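For reference, positions follow the sequence shown, starting with 1. Computed from a predicted structure; not experimentally measured.
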Amino acid sequence: MFARFLIVLLLFAVTVAVVARTSSGHAHPQHYVVRPTDTLWSIAASHYGGDPREGIWKIEKQNHLSGPEIYPGEPLLLP
């Protein structure tokens with residue numbers, strides 16, 4: 001009985017390993033061109049889930065921004 005349970009558990013583990021998909025958390029950066037009405041808050045809110053402040057921090061870090069100032073036509077990489 002215990003051997004059957006282990007076999008079923010092993011088959012389940014193999015099935016999960018085969019079916020599992022990779023995370024999309026480490027996707028390639030997306031290119032974005034700032035529009036006249038954009039702010040870092042609005043860009044982060046539309047491209048990242050949850051609290052936009054973390055998205056703002058990621059955008060600033062990725063683009064080596066020293067503050068929240070962005071300008072229309074400026075290219076940004078969105079991590």
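Screening residues 31-62 for ring-ring contact (aromatic ring centres under 6.0 Å, His included) gives Tyr32-His47 as the qualifying pairs, with residues at least two apart or on separate chains. Residue pairs meeting the side chain to side chain donor-acceptor pair (under 3.5 Å) criterion with at least one partner in residues 59-74, sequence neighbours excluded, do not occur; the list is empty.
In this structure, Ala44 and Pro52 approach most closely via the heavy-atom pair CB-O, 3.5 Å.
In this view, Arg35 satisfies the side-chain hydrogen bond (donor to acceptor under 3.5 Å, both in side chains) rule with no residue, not counting sequence neighbours. Annotation: side-chain hydrogen bond (donor to acceptor under 3.5 Å, both in side chains) contacts of Ser42 (sequence neighbours excluded): Thr39.
With rounding to the nearest 0.5 Å, the separation of CD1 in Ile56 from CG in Leu40 is 6.0 Å. One distance of note links CG of Leu78 with NZ of Lys58; it measures 11.0 Å at 0.5 Å rounding.
Other residues sharing the hydrophobic cluster of Ile7, ordered by chain and number and joined by side-chain separations under 4.5 Å: Leu11.
In this structure, Ile59 and Ile70 have side chains that are not in contact, with every pair of non-hydrogen atoms separated by 4.5 Å or more.
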